[in-house]
Amino acid sequence: MTQAQQALDYVRGNSERYLSELKDFLTIPSISTLDENKGDVQRAAEWVAAQLRSMKMDNVQIMPTGGHPVVYGEWLGAGKSAPTVMIYGHYDVQPIDPLELWTSDPFGAVVRGDYLHARGSSDMKGQVVASLKAVEAIVRTTGLPVNIKWLVEGEEEIGSEHLGEFIKNNKVLLASDFCLNPDAGMMAADKPTITTGLRGLAYFELKVYGPDKDLHSGLFGGTIHNPAQALIELIAGMHDKNGKVMLPGFYDKVRKLSKKEREDFKRLPVTNKEIIAMTGVPALWGEPQFIPSERTGARPTLEINGLLSGFTGQGSKTVLPAWAMAKISCRLVPDQTPEETMKQMKAYLKKNAPKTIKWELTNLHNAGAAITDSNSAGVKALAQALETVWGKRPYFRREGGSIGSVVLLQKYVGADSLLTGFGLPDDNVHSPNEKLHLPTWYKGIEALTHFFYNF
Ligand code: BES
Ligand code: MN
């Protein structure tokens, strides 16, 4: 029996316990953005640290940052000649609102059919547990053939605000050859995927102020510029009618796609119909000269994430609001930077904001855009592992989401991320009724187990 087979037997023999431990992790509401969940976020960190300790990792620590802590652990017994693989994860999750749209308790972790339902099941506690359990199987059977270091953060869903400083201050501790990052999902249950690029993010809050208090809209309407109206006028001007972003200089640093890259995008098996079915929209939208996978993988965007102003309660109130607010974020591609995007947003507002209102722009958080090496020994080991389990070569694609750690690890540790994952596009991540496809999750654990033996 090969070493990998011994570990895989262990995975199969323990699959029910693996699932029940994942459920346990999912009952902790570790929502990183909400103050009221701070204790839960800490408990989730402790849960991960306890897992690492139970599989005899060394130097396990819950390391403080300016925000939520980082869980670290290592096993360096494979020696200096073996590669060192970092395993990245995040134990924080997105908020659950709107709660009334969930069909079961977001932290109830119930199984219905092939799916486990809970906030964080797909993004990404399921992926964290898949990594933990692959390593556990190897540790309990043959022992690890490579050195590993765990970096599990609690601020990914809020832009990894304190991770840059943490990584910079712990460069020596974190030194590794590659970082396995299973937070990037896959294209479909039968389409194993390696992601070779992620978009960055620049997230803003824009506030527009008018009168010093809410006013009677009959007494003052027509003489005062309604801040809700001024805000949407500003926002409406941020795109042209073809979906191009109108911030000055926004596209200056965007890398042009080569012919070869465009052919690769065209070959990806995603159809417009599938996107329509998955989202429930009547029709797609966006820059007509690019296909949807290019628009999400290689083109930058500007999105309104939320709007707030005036009276929104039951019934009616004739009011002219004192202020209006929008949450706005830009997904960025190489070589745009969040800092330049902030300047471009400010320049747009300076040029276009009318004298009738005051405005205030705050940068909430940022993440860099990344392209990773698709030919490294790490990618080969991962591709081979996915092929062994799925029986077909993985798809390589660039994806539209953001993960702050990828650029930070490139910058401070010189380690490229191996981006993959076992979450599916219809898992409802960040939406009500998040779920995890369990048959794919089990395959993922097996693939990660193979991965470590492939070096
Ligand atoms: N796992 C996602 C990112 C992702 C999703 C990558 C799908 C590739 C494919 C991650 O947890 C996430 O949602 N990140 C945030 C980061 C942001 C707050 C900086 C995002 O992309 O909105
Ligand atoms: Mn995630």
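All ligand and atom numbering here is 1-based and tracks the order in the structure. Residue numbers run from 1 in the order of the sequence given. Remember, it's a predicted structure, so these values are computed and weren't measured experimentally.
Side-chain contact check for H437 versus Y115: some heavy-atom pair is nearer than 4.5 Å. Side-chain contact between F451 and V85 is present, with at least one heavy-atom pair separated by less than 4.5 Å. Inter-residue side-chain proximity for Y88 and E153 is flagged as met; some heavy-atom pair is nearer than 4.5 Å.
For the Mn ion (ligand 2), the set of protein N/O/S atoms nearer than 2.8 Å consists of H90 NE2, D123 OD1, D183 OD1, D183 OD2, ordered by chain and number.
At distances below 3.5 Å, at least one donor-acceptor pair connects side-chain atoms of Y18 with backbone N or O atoms of K133. No donor-acceptor pair under 3.5 Å is formed between the side chain of Q344 and the backbone N or O of L247.
Among protein residues, H90, D123, E156, E157, G159, D183, A184, L198, L201, R331, H365, E399, G401, S402, I403, H430 come within 4.0 Å of ligand 1, judged on heavy atoms.
R140 meets the salt bridge (Lys or Arg N to Asp or Glu O under 4.0 Å) test with no other residue; sequence neighbours excluded. Scored by the side chain to side chain donor-acceptor pair (under 3.5 Å) test, D123 finds H90, H430 as partners (sequence neighbours excluded).
Classification of the F25-W47 ring pair by plane angle, with boundaries at 30° and 60°, yields parallel.
Using a cutoff of 4.0 Å between basic side-chain nitrogens and carboxylate oxygens, E434 and R119 are scored as salt-bridged.
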